[in-house]
Amino acid sequence: MMGNTMSLVSAALKEGRVAPTELCQRCLSLIKSTKFLNAYITVAEETALKQAEESEKRYKRGQPLGVLDGIPIAVKDNFNTAGIETTCASNMLKGYISPYNATVVQKLLDQGAVLLGKTNLDEFAMGSGSTDGVFGPVRNPWSYSRQYKEKSVPKSHSEDKDSNWVITGGSSGGSAAAVSSFTCFAALGSDTGGSTRNPAAHCGVVGLKPTYGLISRHGLIPLVNSMDVPGILTRCVDDAAVVLGSLAGHDPKDSTTIQDNFKPFELSDLTDVSKLSIGIPKEYHAPGLSSEILALWSKAADLFKNAGAKVIEVSLPHTRYSIVCYHVLCTAEVASNMARFDGLEYGHRSDMNKSTESMYAATRREGFNDVVRGRILSGNYFLLKQNYENYFIKAQKVRRLIANDFVKVFGSGVDILLTPTTLSDAIPYMEFIKEDNRTRSAQDDILTQAANMAGLPAINVPTALSERGLPVGLQFIGRSFQEKQLLTVAKWFEKQVKFPMIQLDEVKRHDHGVFQHQKSASFLEHRT
Amino acid sequence: LCLWGHPYLNSIFLLFFFFFSLTPWVPVVGLEIHAQISSNSKLFSGSQVQFAAPPNSLVSFFDASLPGTLPVLNRRCVEAAVMTGLALNCSINKKSLFDRKHYFYADLPAGYQITQQRVPIAVNGSLSYSLCIDNKMSQMVTKTVRIKQIQLEQDSGKSLHDDVRSQTLVDLNRAGVGLMEVVMEPDMCCGEEAAAAVRELQLILQTLGSSQAVMAEGQLRVDANVSVHHPGEPYGVRTEVKNINSIRFLAKAVDYEIERQIEELESGGTILNETRAFDSKLGCTVPMRDKEGKQDYRFMPEPNLPPLILYNARSLPANMNHQQVVNIDWIHERLPDLPSVKRAKLVEQYGILPEHSFTLLNEAGLTEFFEDVIKQTQMKPKKVIGWILNDLLSYLKQHSLTVKESPVSSFLLADLLNRLEKKEISSTAAKQVFAELWKGEGKTPLEIVKEKKLQLIQDQEDLERICQAVIDGQENEVMAIKSGNRKVLNKLIGLVQRETQGRSNPVLVKQLLEKKLSE
């Protein structure tokens, strides 16, 4: 049951085969038994159960609010949640309880979703490993899967068996791990340079970054306002479409959202891909791309070709400047966005009280980690009057060139771009931390970031397991606001590749325990 | 503008310097004016705007810069800025942008102010203002100052420093209130000009309703950039004078600063590019504690606000919701008469002097009062204006009252003037009635006239008898008149007036006396 898609669970709720409170309880106990993953920063047990009870009443009355009613979800801890701590995995906001809900959170709650808790991330979403938060790194559930354990060879006998665990990717690693370990059916992440798609790829789940402006950012604590998009993590493409439908559209509280109303859509099963033109951008054949992923990528291209689609190589010549350009734009906005954390209105405040200035300095030194402080410093450097033209303005121009590359390619008749999501499968934590955050971010965002620069929708679809038994995903990038087409193609692809389900002992044990009380669970057998 | 007392002592000093230094100095004055937009809610949030509300009672999540909050532009503030731009002959930018200006300060919660640094909403305008020469109302000149730009921006909160307890208290009620920053080019050359320009701007803003522009309440804040140089040479180093909270102090501060700079340069010193504060008690400017040297504001585009697009009748998209767009032409057509037009109309319509029209407009509500009286009386406007300016206004000034607070309503004054016009009372008596009306005891002019027996003697025989009695008692004077000294007649008229306690019509008395003397 726990490993099922949202759509199936929703049907089970509707048919009364499982009650919202029961589902919620199961998720909560699974969260407890997978606590070692460190996927959650805060588990809102009490409010979640209350919400589940409310949902149950609605189901009993025969008036559920929709497909999301009673569905347990998790939210990345950089979205404001009224009454539940919002920390951004930073000392700066430890203990901070927001007085309001982010628009996306409110929308989910309004549709009856049950909010289980807040998921772990890199501090203020700055990172690509979910290793740099104040609450410690997130462990990739696949580290504990039968698939990985069978294939990984312990390096030495003396070494701790546990030291082999791999990272989730980031920065929405907690959300990806939560969906992947079956503790929730969908989760919100955020995506600024790949923060939703990257961990989705490493954790074997679907990760959707919608078009900039399609979903409200109100209540999302910003990293880079001009690139941030709330991300959606689910077990299948259909679920992503459902969540997207419940979140998308104009928000009067976010002036950068589209003015038009958004019409939720259901994905049809694509039977004919012959009219499709799939672009393979050659620049994504980046240095460091593992041969395994390269092979998978061309296999996927062949899959489309063999099904009759037109597959053509395209060029996005400015993509290679994306990382350096992103570095300037990101740090500049970070420097600006972080200015509000001065200890006066909310969050951490240092005891230093010699002067207002010394209080500011101590507060920010104590509140932010090295990564955040480093980005603030470089950002402020780029924004200095004497540097602005040379760095910020130039980076903006380059950004325009990167975006124009996409416009040209899509203008030439290409419908969807197919690329890898990550350079390799997830690497062990011990190896990951050998390089600093900046180096890692630069490496890991390379395939995902351009979509943020251009504001385009992109999705990671879990594709296969690597030789080490870890998930590998591919990325589809679509035209602006053409989520329906993008997701339809992604769904077709998902169906072809039949990505295997994670084999987690914790989950099995757990699911088994509950099954005894289950009356009709026939459909569950398919999945577990 | 000669109404604001005497900022001229300083000017005399200036003249002194012009006269005695070998080469004259040319003072240059530019102004940066922040006008708080009159609107119900703030520039980017729904919080109410209200002066003197309890501290921190008008603060939204956005105003307190809670993480994750976003700005939403207030349409009313945009319209106010467009209106002001049009009234100041600016070109309105159909596309303007918002920027962030960064600095750390306790009353700036976000650590940056949202402003319009790159492309402001209005540019390249002008403002004409008049001032009188040598303090003579009759010698007015009109000058023009160029308006560089008008930009929309957020106001900051207020910090109150409690030195005793070494605390800083922060009130965010004002944080995020909409401001229009009006930047005037350095086209002025003395405090008086600066004051006249600001006064005219203030009248325009109040006429438009785009700002209440009360300086005492901080709705209008003026910073003056002042420098001096020799003719033909480049502009001198300028100082910025802040902390000026009335128009009178503006004139003082600017003139003091000009004088100080000249003195400094004459004695071989240099002018620092610094910010100085005007100390109204000492009447001088003093260097402000600089916020640790030059600030680099690290401007960057505000990423959460799309470009502000304005439309005109031609560019207005057909399918757009009218609530969503601001139409420049629509606003243009509905602009009220500006002060200069109002003055010209008053002069033309009522035949009053131009300087009278300035006085009428300078006092809030006085024009309306004047026009109300005109509507209710047969007296000629030229005569009414005398009563308004000499009697009503001086009483108001004497008691520091506004026109609104006047105990004498336009109705009562019109009633009084009508009685004067119908010769029921003499003008001397009318002044007495006015003084009684001022007491605000609820009596009508008629009641006062009756009570004080001020009505003119209508009985011709009575009056003739009194005239005869005066003639009979003044033999010498009568002789003088009869021998050709007509001036002495006035004395007789005066005696009749005294005899009747001002209740006789002097014209009629004169006729009667002349008739009797020629008999």
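Numbers restart at 1 for each chain; the letters A, B, ... are given by sequence-line order, proteins then strands.
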For this session: Measure the OH-OH distance between Tyr105(B) and Tyr360(A) for me, rounded to the nearest 0.5 Å.
Result: 8.5 Å
Seminar exercise, completed: Expected contact set for residues 102-110 of chain A against chain B at heavy-atom separation under 4.5 Å reads none
Problem set entry | Chi angles and distances behind the side-chain contact (heavy atoms from CB on, under 4.5 Å) call for Tyr100(A), Thr69(B) | CA-CA 10 Å; Tyr100(A) 75 100; Thr69(B) 52; 3.7 Å; yes
Problem set entry | Positions in residues 385-398 of chain A that reach chain B, provided some heavy atom is under 4.5 Å away | Lys385(A), Tyr388(A), Phe392(A), Gln396(A)
For this session: Go through the atoms of Tyr297(B) and report whether side chain, backbone, both or neither lie under 4.5 Å from a heavy atom of chain A.
Result: neither
For this session: Please test Leu329(A) against Met300(B) for side-chain contact (heavy atoms from CB on, under 4.5 Å), starting from the C-alpha separation and ending with a verdict.
Result: CA-CA 10 Å; Leu329(A) 296 178; Met300(B) 67 163 234; over 6 Å; no
Exercise. For the residue pair Leu383(A) and Phe299(B), what are the closest heavy atoms and their distance?
Worked result: CD2-O, 3.9 Å
Problem set entry | Contact class of Pro71(B) relative to chain A, heavy atoms under 4.5 angstrom | backbone
Exercise. Under a 4.5 Å heavy-atom cutoff, which of Ser355(A), Gly379(A), Pro99(A), Pro252(A) has the most pairs with chain B?
Worked result: Pro99(A)
Problem set entry | Selection from Asn78(A), Val224(A), Thr356(A), Asn80(A) maximising heavy-atom pairs under 4.5 Å formed with chain B | Asn80(A)
Exercise. With a 4.5 angstrom heavy-atom cut-off, which part of Phe341(A) approaches chain B: side chain, backbone, both or neither?
Worked result: side chain
Exercise. When rounded to the nearest 0.5 angstrom, what is the spacing between NE2 in His218(A) and CG in Asn304(B)?
Worked result: 11.0 Å
Exercise. Is a side-chain donor or acceptor of Tyr112(B) paired with a backbone partner of Arg340(A) at a separation under 3.5 angstrom?
Worked result: no
